[in-house]
Amino acid sequence: MRIVDGIVTQVEAGLTARPGESVHDGGGRWAVPGLWDAHVHMGQWAAATTRFDLAEATSVAHACGIVARQVATMSRDRPGTICGFGHRTATWPEQPTVASLDEVTRDVPVVLISGDCHSGWLNSVALSLLGLAPREDVVVEQEWFDVFPLLEERLPGLAERAVAGYRQASAEAVAKGITGVVDLEFARGVDLWPARFSSDRVDALRVRVGTYADGLDDVIAAGLRTGDEIGESGGLLTMGPLKIISDGSLNTRTAYCCEPYADGDELPHPAGVQNVDFHDLRLLLGRAAAHGLDVALHAIGDAAVRDALDAFEVTRARGTIEHAQLMCWDDMPRMGRLGITASVQPAHLWDDRDVARRCWPDRMDRCFPFRSLAANGVPLALGSDAPVSPLDPWLAMAAAVHRSADAREPWMPHQALTVAEALGASTDGQGTIGRGSRGDLVLLDADPYAVPDDSAEAAAALREIHVAATFVAGRLVHG
Ligand SMILES: [Zn+2]
């Protein structure tokens, strides 16, 4: 295989090196196109290396006990911020309060980010440092998304850890065969990434940088269209989509649904929450389309997906629906016809299986409907939504192939993908390597297709595949 200026120019037997070319011996390994994660929050994922894990917490008291141990280990002379991540409160007997956290945290600022990233449980010190009014409950949805970019700036100790976190996160990603990510971080990535690339040398991966609506005017004023290079990056850093969050999440029971949740009569919004009404959605998509920007539209509930497709259809915008965890049957062929990509995070189905059984027992056959989407011609793009699940393409493929994370039978196994489909949906549409394809390659020690037929064994084999080397635009970045 010959790669010139970042592009594959030849794939054939018996190539010999020309003067000035560097040669890498693949040693008879398997080459696959560079892998992508279509939905990452790079800042949070990088910061996750510095957060403690709350995923195991089963109650307010349990979580507070874990936090109290963290507080006890902090040094008095070098105070920082305590930052935890991963709790999921939908099945807890009682819901978190600021007072319960204050009791165990003294004057140390504490921020606990929920596993689905849609809420923050903060103590009074952190609330005040962030300029938020005193309250009894956690900070949720838009208020949380607004305050999130301020954490590093206003809470002691967090900014210092950030650069090291980015370097480590991208090194770990290329070691798994990742050659590109779509970064949908809440902070202004378009402003922040060029310096990260040039000064901080966080430049191993391709990064497609999204913007939220609050940055849209600036992006349009700068004349940036999706695919345009940002800064000086040799083409690796490019403008991504406009990201819109149109509903909530399943775990917080705010995903916007056609039918009320099974426990809807206990909820303030029995069928979930529409964050952006249809009129505004249409305006945003229309602006994006008019200025050459793709749209990455977060829609988890079936009503949110339906509205999203309506908005794509009337505005002729292009892009993705992010998550699409619950869909109406008749929206699937429509999505295929419109050519909208389903950007899905298979590992979420492992996490959401039990919550869905509790909240959506009457519609589980339409949850994470990968097989039906593929059958209706909808392009699939796999991702992690890291830090919601780990930035690990093999984990995503394993979950798409085998819909169980434990000894139980797969959940709705007829919606599973084949290994070939899951791998194909992880290559940013490249599919294979040939003349003219990107010089983004991953060398594997084993043939990824030679996995057992049994889905559990296939998933286990995928998770054990060893990445020997990763190339981005012809440059060896791992191995
Ligand atoms: Zn996300």
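One-based numbering, in listed order, for ligands and for the atoms of each.
- Within the 2.8 Å limit, Cys117 places no N, O or S atom next to the Zn ion (ligand 1).
- Look at Asp428 and Arg206 and you find no salt bridge, because none of the NZ, NE, NH1 or NH2 atoms lies under 4.0 Å from a carboxylate O.
- Ring geometry for Tyr261 against Trp360 counts as tilted: the plane angle lies between 30° and 60°, on a 0 to 90° scale.
- Contact check on Asp191 versus Arg196 returns no salt bridge, with no Lys/Arg side-chain nitrogen under 4.0 Å from an Asp/Glu carboxylate oxygen.
- The Zn ion (ligand 1) lies under 2.8 Å from an N, O or S atom belonging to His39.
- Taking a cutoff of 4.0 Å between a charged side-chain nitrogen and a carboxylate oxygen, Asp137 and Arg135 do not qualify as a salt bridge.
- When the Zn ion (ligand 1) is compared with the N/O/S atoms of His41, atom NE2 turns out nearest.
- Taking backbone and side-chain atoms together, Asp385 has an N/O/S atom less than 2.8 Å away from the Zn ion (ligand 1).
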